[in-house]
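Single-structure report; data block below.
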Amino acid sequence: QVQLVESGGGLVQPGGSLRLSCKASGSIFHIVAMGWYRQAPGKQRELVATTNAGGGRDYADSVKGRFNIFKDNAKNTVHLQMNSLKPEDTAVYSCNVRGYLDGTRSVFDSWGQGTQVLVSS
């Protein structure tokens, strides 16, 4: 009942920048948190950055100072600005949104399809 559409992945050289975007749509009453996770080949999925309804933000130590997560509440969209990208940032990045559905007020926990980020020269 909640769909996520991601965009913005691709190939970038080390030191470059990319912006990922994720738009949530559907029967949304309230969004509690929005975030980005990534999974590199042969590794477990890990948290990259999250932001909550109060505006609080949390980052993985490996991306602090380089990545910035921000959202557009009116559009139910979250962005991840990634700067000074490194080869070790190469992974499939997935958006996650949690909140409450309209009408039933049930909890939802939705994931995007994932977008590939490749940092290579």
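Quantities reported herein were computed from a predicted structural model and do not represent experimental measurements.
- Residues in residues 49-82 take part in no disulfide bond (SG atoms under 2.5 Å apart) pair, two or more places apart or across chains.
- Taking Lys43 as the reference, nothing meets the salt bridge (charged side-chain N to carboxylate O under 4.0 Å, His left out) condition, with sequence neighbours excluded.
- Remark: the backbone N or O of Asn52 is paired with a side-chain donor or acceptor of Lys71 at under 3.5 angstrom.
- Looking only at distances, no side-chain donor or acceptor of Lys75 sits under 3.5 Å from a matching main-chain atom of Lys23.
- Considering only heavy atoms from C-beta on, Val63 stays 4.5 Å or farther from Met82 through its side chain.
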What do the steps show when you test Tyr59 against Thr51 for side chain to side chain contact (heavy atoms under 4.5 Å, CB included), and what is the final call? CA-CA 9 Å; Tyr59 297 91; Thr51 181; over 6 Å; no

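- The minimum heavy-atom distance between Cys95 and Val78, with the atom names listed, is SG-CG1, 3.9 Å.
- Arg98 pairs by the salt bridge (charged side-chain N to carboxylate O under 4.0 Å, His left out) definition with nothing, not counting sequence neighbours.
- What you find for Ser94 and Gly114 is that their closest heavy atoms are OG-CA, 3.6 Å.
- Across Leu20, Val92, Thr90, a single residue satisfies side chain to side chain contact (heavy atoms under 4.5 Å, CB included) together with Val117, and that is Leu20.
- By the criterion of side-chain heavy atoms lying less than 4.5 angstrom apart, applied directly or through intervening Ile, Leu, Val, Met, Phe, Trp or Tyr residues, Leu18 is not grouped with Leu118; the two fall into different hydrophobic clusters.
- In this structure, Leu4 is a member of the same hydrophobic cluster as Ile28, with clusters built from ILVMFWY side-chain heavy atoms closer than 4.5 Å.
- Of all heavy-atom pairs spanning Ala49 and Leu80, the tightest one is CB-CD1, 4.1 Å.
- Note on Leu101 and Val107: separate hydrophobic clusters, where clusters join Ile, Leu, Val, Met, Phe, Trp and Tyr whose side-chain heavy atoms are under 4.5 Å apart, directly or indirectly.
- With contacts defined as side-chain heavy-atom distances shorter than 4.5 Å, the pair Phe108/Val97 qualifies.
- Partners of Val5 by side chain to side chain contact (heavy atoms under 4.5 Å, CB included), not counting sequence neighbours: none found.
- Between atom CG of residue Asn96 and atom OG1 of residue Thr50 there is a gap of 9.5 Å, rounded to the nearest 0.5 Å.
- Between Trp36 and Cys22, the closest side-chain pair of non-hydrogen atoms falls below 4.5 Å.
- Shown here for Leu47 and Tyr37, the closest heavy-atom pair between the two residues is CA-CD2, 3.5 Å.
- Minimum interatomic distance between Arg66 and Ser84 (heavy atoms only, all atoms of both residues): NH1-O, 2.9 Å.
- Within a 6.0 Å sphere centred on CD of Gln1, heavy atoms belonging to other residues, nucleotides or ligands number 12 at most.
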Let's go through Lys64 and Asp61 carefully: what are the C-alpha distance in whole Å and the side-chain angles of both, what is the deciding distance for salt bridge (Lys or Arg N to Asp or Glu O under 4.0 Å) to 0.1 Å, and is it a yes or a no? CA-CA 5 Å; Lys64 284 180 180 177; Asp61 288 342; 3.1 Å; yes

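- Looking at residues two or more places apart in sequence or on another chain, you find a side-chain hydrogen bond (donor to acceptor under 3.5 Å, both in side chains) between Ser21 and His79.
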Pair Ser120-Leu11, side chain to side chain contact (heavy atoms under 4.5 Å, CB included): steps then yes or no: CA-CA 7 Å; Ser120 176; Leu11 171 64; 4.2 Å; yes

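- By the salt bridge (charged side-chain N to carboxylate O under 4.0 Å, His left out) test, Asp102 is found to be paired with Arg105, residues two or more places apart in sequence or in another chain being considered.
- Side chain of Tyr93 to main chain of Glu6: no donor-acceptor pair is present (N/O by atom type, distance under 3.5 Å, no hydrogens or angles).
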Decide yes or no on side chain to side chain contact (heavy atoms under 4.5 Å, CB included) for Met34 and Ile69, but give the supporting numbers first. CA-CA 9 Å; Met34 309 179 86; Ile69 187 169; 5.7 Å; no

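- The backbone N or O of Gly16 lies less than 3.5 Å from no partner atom in the side chain of Asn83, so there is not a single donor-acceptor pair.
- Proximity of Ser25 to Asn76: side-chain heavy atoms (C-beta onward) are nowhere separated by under 4.5 Å.
- Looking at every heavy atom in both residues, Ala91 comes nearest to Arg38 through CB-CB, 3.8 Å.
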